[in-house]
Each structure stands twice: as structure tokens, then as C-alpha cells.
Q: 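Following this message is one structure expressed as C-alpha cells.
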Amino acid sequence: MLLTDNLLLDYKRCQRRAFLEVCGEVAQKEAEREFLLKLRRENQKQVEEILAHQIYQKPSFSRGDWQEGTRQTQQLMAQGVELIHRGVLWVSESEELGIRGTPLLGKPTLLVKQPGVSKFGNWAYSPVNVKLGKRPKPEYKVITAFHAYLLAQIQGILPKNPLLVLRQQKRYGVDLHNWLPRMKAVAINCYQMLLSEMEPDVFISRQRCSLCQWHTHCRAIARNLNHLSLVPGVTPSRYQQLQQLGVTSLAALATESSEEIDEVLGDEIAFQLQQQARSIVENRAFLRENDRALSAIPTAEVEFYFDIEAEPDRNLDFLLGVLVVNRRDKTEQFYPFLAEHPDEEALIWQQFLALTERYPQAPIFHYSEYEVDTVKRLARQYPTPNHSLQPLLSRFVDLHAWVTATATLPVESYSLKSLAQWLGFEWRDRDASGDRTVCWYDRWLHSGDRALLDAILRYNEDDCRATYCLKDWLVDFLADAQNENQPASIAPK
């Protein structure tokens with residue numbers, strides 16, 4: 001076993017993931033997602049841009065031969081090389097951390113020569129890690145502190161200025177006074193977990209788990225257990241509170257007397273979680289009792305259903321898809337305004353505006369705030385008169401806001417895909433997803449393969465049609481509830 005920087009990064013994000021990387025069955029691990037490979041390429045490009053005007057050296061060794069890599073790295077350090085790229089830091093064990101018989105391995109992006117007195121001479125080295133993140137996350141700081149610790153064992157002096165370099169080459173110092181103790185605690189806990197082979201409890205986090213190669217494996221376990229983490233709104237802290245109350249299953253949360261839960265979580269949160277659990281157990285939707293639930297979603301003869309595909313790293317919205325539904329004529333037409341090249345974003349913005357002007361009364365249904373935020377950005381980027389923009393913005397109807405304010409549905413998340421699939425809607429390409437369209441567009445720009453654009457268009461049109469499906473169901477649901485004048489429950493048709 002090796003205690004590596006990547007393992008500590010996994011542990012900091014998810015203890016279970018670190019455990020599975022060492023103790024799990026490889027056959028249960030999914031292939032790495034294309035989106036992660038894309039991120040790795042972008043990180044490498046980021047490093048190359050930093051090194052473009054630098055003189056540096058790097059060790060050359062066979063993949064996985066870490067001891068040879070660290071020998072060469074220390075040789076470069078002894079020579080006083082100014083900058084080392086892809087250096088390897090290997091320490092056989094750490095008595096201080098109680099890690100015996102297990103090597104510690106770190107691979108900082110860069111090692112920078114600095115003034116100081118080390119075993120190599122009148123100089124020392126400090127780690128620099130280059131990450132794609134927009135902010136200096138705690139896990140990045142823990143890993144940089146780990147590299148600093150390994151360097152101290154190797155050169156005999158603690159680095160003075162460990163750094164993180166993030167997007168747009170923003171630099172952040174890592175305060176070792178604060179982060180070394182935290183790193184040591186993480187390393188000790190991770191090592192002890194692996195040594196004892198105690199498998200951490202499963203917990204499905206909608207944001208952190210989706211790109212993990214163990215996600216399918218963990219999710220199957222969670223579903224088999226009817227695990228509480230499958231209930232939207234059950235955060236790790238709320239999960240611990242429910243565990244302490246003896247509420248350990250979905251059925252228990254749905255049926256447990258709420259007095260103790262109310263006291264710990266608060267009346268509103270407790271009611272929402274219990275209603276959510278009941279909805280999942282009974283597989284039906286419930287009306288949320290609030291003023292919005294008594295109002296009506298706009299309905300018109302002509303309606304727009306709007307969805308966007310974007311490339312975040314280019315700050316580019318490359319597809320503005322609109323499904324135009326004419327209820328009077330009983331027609332549906334999909335308009336894909338696609339920038340085949342990044343410099344066509346202005347063109348598709350004008351095409352989108354022209355379509356909205358043809359139907360000035362049509363409400364524009366979308367799912368999440370992103371579409372409105374994007375319209376505002378495009379209006380700033382390609383100057384659009386305020387007297388045109390404001391009437392346009394007033395037509396937007398966010399169905400995510402409507403659903404979460406008015407209905408509790410038997411789903412694991414309130415994503416569009418999760419809701420629409422519960423309603424019986426299916427995407428034509430079952431493996432398609434938002435992150436895959438980012439990869440497909442990037443590949444299209446490099447390969448010119450139009451099949452990639454066709455896949456993006458199908459996915460975007462299906463997103464628009466899923467929004468249409470959800471809107472019609474929600475209108476019926478709220479109408480039934482209002483007619484009955486009581487909390488409603490309705491299954492998909």
C-alpha cells in the first residue's frame with residue numbers, strides 16, 4: 001500500500017472513495033468519464049501555459065517506478081535546478097504520523113528553488129500545485145501541505161512559500177501553520193481506516209458523486225438499503241442527526257413520529273424531509289402548501305421551451321435550443337441556434353432574439369436559473385437595448401422554482417432528467433448528459449465530425465421536450481389540487 005497525495009485528496013472529498021480505491025473490487029469500478037479526461041487535458045494545458053516561458057527540468061523514469069523518480073528528483077534538487085516539473089517525493093514511512101512500513105508519495109506540479117539552507121546547500125524547494133479550480137479549496141491546501149511535509153523530510157527544512165495556482169493563473173499561498181496540522185490529521189485517519197479495512201458508510205451526494213468511478217456501485221448499495229441519502233434534502237449533517245434519533249431508513253423517516261425530529265431539525269425542515277420520504281415510499285406526488293401552489297402557471301396559444309448547452313472553459317453558450325409549441329395549430333417545431341464555431345455566439349444570440357420577437361406574447365419555460373443568467377450575459381456581451389431585454393426577461397418561467405415550491409415528488413433529485421424520467425419521458429440517447437455535450441462539442445471543434453453535433457442537438461431537443469412534459473404535468477397537478485381544495489397527490493399518466 002502507498003499513502004499518496006491522490007489518495008488523501010479522495011479521502012478529503014469522500015472517505016469511502018479512498019477506501020474503495022485501495023480495498024474495492026476493480027470490476028465494480030466504472031471507466032473514467034470522458035469529462036474527467038477533458039478536465040485532465042485542460043489542466044495539462046494550464047501547466048504548459050505556465051511553463052511556456054520558463055526554463056525547467058523534469059525526471060525521466062518508467063511509469064510507476066516512483067523510487068527511481070524520487071532518486072532523479074533529488075538529484076536535480078542537489079544540482080540546484082531552478083524549476084522541477086513532475087518531481088516525485090517519496091518517503092519510506094513516517095514515525096511522526098505513526099505510519100510504519102507504508103511509503104508516502106507526492107507528485108507536486110512544480111518544485112521551485114528558493115533561498116534557504118537545506119541538506120542540498122544554500123537553497124531549498126517549495127511546492128506549487130496547478131489546479132483548474134476557481135477557488136483554493138481545502139482539499140487543495142491539504143495536498144499542498146502534504147507535499148511540503150514530504151519535502152521537509154527530504155531536504156531537512158520546511159518550505160516557506162507553498163503555492164496554489166488556479167484559473168487565470170491566480171496565486172494563493174498555503175499557510176502551513178494552519179494546514180500542516182489538518183493535513184496530518186487527514187493522513188493519520190486515512191491510514192488507520194485503510195489499515196483496519198473498516199469500510200465507511202455509503203452516502204450519495206448529488207454534487208460530489210456524479211463523476212466518481214464508484215458511483216454506480218455505491219448507488220446500488222444505497223438503493224438496496226433504502227438509504228436516507230437518497231432523500232433530497234438529507235445532507236450529511238442532517239443524516240447524522242437522524243441517525244442519532246434512531247431514524248435509519250427511508251420507511252422510518254416516512255412514518256416516524258415527528259416531534260423529536262421537529263425539535264432537532266426544526267418544524268419546516270422536518271416536515272419537508274418526512275413528506276419527501278413518504279412521497280418516495282408511496283411513489284406519488286404531494287402538494288406543498290403555500291401561496292404559489294394556489295396560483296396558475298402561465299399558459300398561452302404559443303409557448304417556448306428553452307434549453308442551453310454551454311462550454312464553461314470557453315465562457316461560451318454554443319447552443320440555444322427552443323421548442324415552439326403552438327397549441328392552437330397543434331404543432332411543435334424545434335429551433336436549434338447552434339454556434340458551429342465559437343465566434344458564432346453573437347450570431348445565434350441574434351437568431352434567438354429574432355425568434356422571440358416573432359412571438360412577443362409567448363411565455364418562455366426553462367428549468368433552472370442558468371437560462372436567465374445566460375440571456376443577461378449575452379445581452380451585455382452583445383449590446384442589447386434595455387427596452388428589448390426587460391420585456392424578454394419578464395416572459396421567462398422557471399419550472400424548477402415552480403416544482404420545488406409547489407410539489408414533492410418521489411425522486412432522488414430535482415434535476416430535470418430525474419423528474420421527467422419519473423413522468424415516463426426518455427431521452428433518445430440514454431447515455432447523453434450535459435457534461436458529455438461539453439466533451440462532444442470540444443471533440444467537434446478538433447475533428448469536424450458532424451455526428452457529434454447531431455448528438456448534441458438530439459440531447460438539447462430532448463431537454464426542451466422534457467421541460468414541456470414537466471410543464472403540462474405540473475399544470476394538471478396544480479389544477480387537480482385546486483379543484484379538490486386539499487393536498488393533492490397524483491401519479492404520472
Q: To the nearest 0.5 Å, what is the distance between CG (Leu419) and CH2 (Trp473)?
A: 8.5 Å

Q: Rounded to the nearest 0.5 Å, how far apart are CG of Leu347 and CD of Glu340?
A: 10.5 Å

Q: List the steps and the verdict of side-chain contact (heavy atoms from CB on, under 4.5 Å) for Lys137 and Lys12.
A: CA-CA 11 Å; Lys137 299 176 182 178; Lys12 182 66 179 172; over 6 Å; no

Q: Begin with the C-alpha distance, continue with both residues' side-chain angles, and end with the deciding distance and a verdict on salt bridge (charged side-chain N to carboxylate O under 4.0 Å, His left out) for Asp442 and Arg314.
A: CA-CA 10 Å; Asp442 187 63; Arg314 290 184 171 88; 3.3 Å; yes

Q: To the closest 0.5 Å, what do you measure between CD1 (Ile456) and CG (Leu338)?
A: 7.0 Å

Q: Considering residues at least two apart in sequence or located in another chain, which fulfil the ring-ring contact (aromatic ring centres under 6.0 Å, His included) criterion with Tyr370?
A: none

Q: Hey, what's the ring geometry for Phe425 with Trp427, parallel, tilted or perpendicular (30° and 60° as the breaks)?
A: perpendicular

Q: Grab the two heavy atoms, one from Phe477 and one from Thr406, that are nearest each other, plus how far apart they are.
A: CE2-O, 4.1 Å

Q: Could you measure the distance from the CG atom of Leu228 to the CD1 atom of Ile204? Nearest 0.5 Å is fine.
A: 12.5 Å

Q: Mark yes when over 12 heavy atoms from residues, nucleotides or ligands other than Arg167 sit less than 6.0 Å from its CZ; otherwise mark no.
A: yes

Q: Quick check against the 3.5 Å criterion: does Glu301 have a side-chain atom that pairs as donor or acceptor with the backbone of Arg327?
A: no

Q: Among all residues two or more places apart in sequence or in another chain, which pass the side-chain contact (heavy atoms from CB on, under 4.5 Å) test with Tyr382?
A: Glu345, Ala346, Trp349, Leu378

Q: Once salt bridge (Lys or Arg N to Asp or Glu O under 4.0 Å) is applied, do any residues pair with Arg40, and if so which ones, sequence neighbours excluded?
A: Glu32

Q: Check Glu369 with Lys376, please: is the shortest side-chain N to carboxylate O separation under 4.0 Å?
A: no

Q: How many angstroms lie between atom CG of Asp317 and atom CD1 of Ile308, to the nearest 0.5 angstrom?
A: 5.5 Å

Q: Hey, can you tell me if His341 and Trp444 have their rings parallel, tilted or perpendicular (30° and 60° cut-offs)?
A: tilted

Q: On a heavy-atom basis, which atom in Leu230 and which in Ile280 lie closest, and how many Å separate them?
A: O-CD1, 4.2 Å

Q: Ignoring hydrogens, what is the shortest heavy-atom contact between Phe306 and Leu320? Give both atom names and the distance.
A: CE1-CB, 4.0 Å

Q: Would you indicate whether the side-chain heavy atoms of Val324 and Phe304 approach each other to under 4.5 Å?
A: yes

Q: Measure up the Tyr56 and His85 rings against each other and bin them: parallel (under 30°), tilted (30 to 60°), perpendicular (over 60°).
A: perpendicular

Q: So does Asp429 pair up with Arg436, basic N to acidic O under 4.0 Å?
A: no

Q: Side chains of Thr4 and Lys107: any donor to acceptor distance under 3.5 Å?
A: no

Q: I need the Thr356 OG1 to Tyr335 OH distance, nearest 0.5 Å.
A: 12.5 Å

Q: Below 3.5 Å, can you tabulate the donor-acceptor pairs from side chains in residues 127-134 to any protein atom, sequence neighbours excluded?
A:
{"residue": "Asn129", "atom": "OD1", "partner": "Thr109", "partner atom": "N", "Å": "3.1"}
{"residue": "Asn129", "atom": "ND2", "partner": "Thr144", "partner atom": "OG1", "Å": "3.1"}
{"residue": "Asn129", "atom": "ND2", "partner": "His147", "partner atom": "ND1", "Å": "3.0"}

Q: Checking Asn460 side chain against Asp307 main chain: does a donor-acceptor pair fall under 3.5 Å?
A: yes

Q: Where is the tightest heavy-atom contact between Pro391 and Ser388, given as atom of each residue plus distance?
A: CD-O, 3.5 Å

Q: Excluding sequence neighbours, so at least two apart, what forms salt bridge (Lys or Arg N to Asp or Glu O under 4.0 Å) with Arg16?
A: Glu199

Q: Between Lys141 and Asp175 (salt bridge meaning N to carboxylate O under 4.0 Å), is one present in this structure?
A: no

Q: Is any side-chain heavy atom of Leu36 closer than 4.5 Å to one of Leu39?
A: yes

Q: Quick check: closest heavy atoms across Ser368 and Asp398, and the distance to 0.1 Å?
A: N-OD1, 2.9 Å

Q: Among all residues two or more places apart in sequence or in another chain, which pass the ring-ring contact (aromatic ring centres under 6.0 Å, His included) test with Phe146?
A: none

Q: Does the side chain of Tyr414 reach to within under 4.5 Å of the side chain of Leu409, using non-hydrogen atoms?
A: yes

Q: Decide yes or no for Val247 and Ile261: does some side-chain heavy atom of the first lie under 4.5 Å from some side-chain heavy atom of the second?
A: yes

Q: Ignoring hydrogens and angles, tell me if any N or O in the side chain of Glu311 forms a donor-acceptor pair with the backbone of Tyr441 under 3.5 Å.
A: no

Q: Assess the residue pair Leu51 and Leu110 against the criterion (side-chain contact (heavy atoms from CB on, under 4.5 Å)); give the C-alpha distance rounded to whole Å, side-chain angles, the decisive distance to 0.1 Å, and a yes or no.
A: CA-CA 10 Å; Leu51 294 175; Leu110 303 170; 3.7 Å; yes

Q: Taking the side chain as C-beta and beyond, is there a heavy-atom pair between Leu7 and Glu21 under 4.5 Å?
A: yes

Q: Does the side chain of Glu309 come within less than 4.5 Å of Asp463's, by heavy atoms?
A: yes

Q: Side-chain contact, heavy-atom cut-off 4.5 Å: Asp454 with Arg458?
A: yes

Q: Do any N or O atoms from the side chain of Gln240 and from the backbone of Ser237 form a donor-acceptor pair under 3.5 angstrom?
A: no

Q: How close do Arg33 and Ser433 get, heavy atom to heavy atom, and via which atoms?
A: NH2-OG, 3.9 Å

Q: Decide side-chain contact (heavy atoms from CB on, under 4.5 Å) for Lys471 and Thr299; before the verdict, give the C-alpha distance in whole Å, the side-chain angles of both, and the deciding distance to 0.1 Å.
A: CA-CA 10 Å; Lys471 188 262 184 179; Thr299 297; 3.2 Å; yes

Q: Test Arg278 against every option in Gln275, Glu282, Gln276 by the side-chain hydrogen bond (donor to acceptor under 3.5 Å, both in side chains) rule and name the one that passes.
A: Glu282

Q: Are more than 12 heavy atoms, taken from residues, nucleotides or ligands other than Gln28, located less than 6.0 Å from that residue's CD atom?
A: yes

Q: Using 30° and 60° as the class limits, which term best fits the ring planes of Tyr468 and Tyr305: parallel, tilted or perpendicular?
A: tilted

Q: Verify side-chain contact (heavy atoms from CB on, under 4.5 Å) between Val375 and Glu371, making sure each step is shown before the conclusion.
A: CA-CA 6 Å; Val375 165; Glu371 278 69 23; 5.7 Å; no

Q: Would you say Arg288's side chain and Thr404's backbone share a donor-acceptor pair under 3.5 angstrom?
A: yes

